[in-house]
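In listed order, ligands and their atoms are each counted from 1.
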Amino acid sequence: MIFIDTHAHIDDEQFEGERQAVIRRAEDAGVKKIINMSVSLANAQRVLQIASAEEIVFAGVGVHPEEIDGFDFHHIDELAHLTENEKVVAIGEIGLDYHFRDDNKEEQRKIFIAQLDLARQLHLPVSIHARDAHGDLMAILRREGKGVQGSIHCYSGSVEMAKELLHMGWFIGIDGPLTFKNAAKLPDVVKMLPLERLLLETDCPYLAPVPMRGKKNEPAFLPYIAAKIAEIKEIAPEEVALKTTENAEHLFFDKKL
Ligand code: NI
């Protein structure tokens, strides 16, 4: 089986000293591409270094909502400049996070919208993070998301919200939490969504799937998420691998977009 990890952070310092081994283990597990998302401009430089050195690693460049302190709108031009690197396949990760901070919501929304605009201009897909901000996310995507493609990363919303995202043409990123006992509504979301709209991602080093839960997550663990999707949808894991890889190829690597 062949997989693509559509949202990873293998630049994380937790992988220091074993990054190459992690990438080799991913290849051994059938992972043929890893998209390493950035969280800030400074971090994007580091992510691009790794992507340049490792054939199977690609990059997203973007500013995460928790990293917007000191953001200036000329940083959008710097992001645009970074996308000239041939390993950049996405604007990400971007979005809204009101969990740890809700004192800068307006600023978060403005910076998110500016990055959606950038993605639209550059014809690049986005990887969107949303935590405790689903109402505002949907309001922004309805108004400002037209003409932008991408995925709602590590999906944690309701079945109803997933239905609307489906109709709007968004992909849904599925991570380790699907395998957790307290996965709540996520299995229902996976059951409802067509395989054509699902993407596999680890968000490593966080959120390792069962049976690796609690350990440091890595791209080689993607097959556990695929297996869980197969179990829920009562189909073969091979079909999940094939279709989600096709989806990722189409969204992030099809230059005809
Ligand atoms: Ni992430």
Do the side chain of Ser40 and the main chain of Val63 share a donor and acceptor less than 3.5 angstrom apart?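 Pair absent, no side-chain N/O of Ser40 close to backbone of Val63.
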Check whether Arg101 reaches the backbone of Glu66 with its side chain - one donor and one acceptor, N or O, closer than 3.5 Å.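 No, Arg101 side chain to Glu66 backbone: no donor-acceptor pair under 3.5 Å.
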Residues 27-34, side-chain donor-acceptor partners within the protein, below 3.5 Å, at least two apart:
residue	atom	partner	partner atom	Å
Glu27	OE1	Arg24	NE	2.8
Lys32	NZ	Glu249	OE2	2.9
Lys33	NZ	Glu249	OE1	3.2
Lys33	NZ	Glu249	OE2	2.8

Taking Glu54 as the fixed residue, which of Gln20, Lys87, Gln49 is the one that meets the side-chain hydrogen bond (donor to acceptor under 3.5 Å, both in side chains) rule?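 Of all the options given, the one that passes is Gln20.
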Does the side chain of Cys154 come within less than 4.5 Å of Glu201's, by heavy atoms?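 They are in contact (side-chain heavy atoms under 4.5 Å apart), so the answer is yes.
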For the Ni ion (ligand 1), which protein N/O/S atoms fall under 2.8 Å? Skip waters.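 Checking every protein N, O and S atom gives His7 NE2, His9 NE2, Glu93 OE2, Asp203 OD1.
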Phe73 ring center within less than 6.0 Å of Phe71 ring center: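 Yes, close enough.
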